[in-house]
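Along the sequence shown, the residues carry numbers beginning at 1. Side chains included, hydrogens not; waters and symmetry mates left out as well; all remaining heavy atoms used.
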Amino acid sequence: LGEEVWEALDITARTTVADAERIFRDHRDDPGFDFSSVVTRIPKAIEIQCNAIMRRAAAKLPAATPMANVEGRSRHLSRGHGLTLGQLARVVSGEKERFEALARGHTNGAWFTSQLPQILEELRVLRNPASHSSRVDREDATRWRNRILGVGGSVMTVPLLRRAGLPMGQA
């Protein structure tokens with residue numbers, strides 16, 4: 001991730017990535033190990049980071065804008081429990097007024113509001129089966145780990161962390 005991005009991560013997201021990386025490295029030579037815990041933790045870290053970004057951005061939005069319909073309930077985006085990956089994707093890509101306000105509140109905010117929802121949905125589809133029922137082999141875990149964290153040049157979320165996670169002017 002690099003020092004700049006690592007330092008910009010919420011401490012809980014950082015701990016979650018470090019835990020996933022420890023598990024991955026401890027077991028990468030064991031072809032029979034179930035890597036589901038790695039594939040669930042890394043997207044969880046992205047979820048944690050996105051919630052932290054959302055809370056900061058929502059706190060600065062006009063009065064009615066931080067409110068979102070989340071599964072039939074009105075939720076204030078800067079308070080309470082975090083949203084899941086799927087909920088985040090729907091909220092970020094939701095109503096035009098919130099979309100524009102979120103885009104103004106982030107470095108490269110247009111990327112945050114246009115591409116992030118697709119990435120979050122892809123991570124949700126990856127994480128949910130691994131969380132509940134599917135076994136993940138070493139090859140799949142390695143491919144997803146590398147893609148999510150940008151290892152070896154295949155970048156999926158480093159732009160999210162670098163562009164949306166840093167204060168304005170630092171990305």
query: Could you state the interatomic distance from NZ (Lys44) to OG1 (Thr12), rounded to the nearest 0.5 Å?
result: 10.0 Å
message: So Leu120 and Ile46, do their side chains get closer than 4.5 Å, heavy atoms only?
response: yes
field: Rounded distance [0.5 Å steps], CZ in Arg22 versus OG in Ser37
entry: 8.5 Å
task: Enter the distance from Phe35:CZ to Thr40:OG1 here, rounded to the nearest 0.5 Å.
output: 12.5 Å
- request: With rounding to the nearest 0.5 Å, note down the distance linking CG in Leu123 to OG1 in Thr84.
  value: 12.0 Å
task: In sequence, state the C-alpha distance, the side-chain angles, and the governing distance for Arg145 and Ile42, and then conclude on side-chain contact (heavy atoms from CB on, under 4.5 Å).
output: CA-CA 7 Å; Arg145 168 193 169 260; Ile42 296 172; 4.0 Å; yes
task: Show your working on side-chain contact (heavy atoms from CB on, under 4.5 Å) between Arg135 and Asp137 and close with a plain yes or no.
output: CA-CA 7 Å; Arg135 183 182 181 285; Asp137 65 26; 4.0 Å; yes
query: Hey, what do you get for CH2 (Trp144) to CD (Glu139), rounding to the nearest 0.5 Å?
result: 15.5 Å
statement: In short, Ala20 meets Val38 closest at the heavy-atom pair O-CG2, 3.7 Å
query: Do we get Arg138 above Phe33's six-membered ring, with its NZ or CZ under 6.0 Å from the centre and within 45° of the axis?
result: no
- line: Rounding to 0.5 Å, atoms CD (Glu47) and CG (Leu83) come to a distance of 8.5 Å
query: Do the side chain of Asp34 and the main chain of Val136 share a donor and acceptor less than 3.5 angstrom apart?
result: yes
message: Between Asp10 (side chain only) and Gln49 (backbone N and O only), is there a donor and an acceptor less than 3.5 Å apart?
response: no
- request: Report yes or no: do Leu88 and Ile48 belong to one cluster of Ile/Leu/Val/Met/Phe/Trp/Tyr joined by side chain heavy-atom distances under 4.5 Å?
  value: no
- prompt: Under 4.5 Å between any side-chain heavy atoms of Glu21 and Ile23, yes or no?
  reply: no
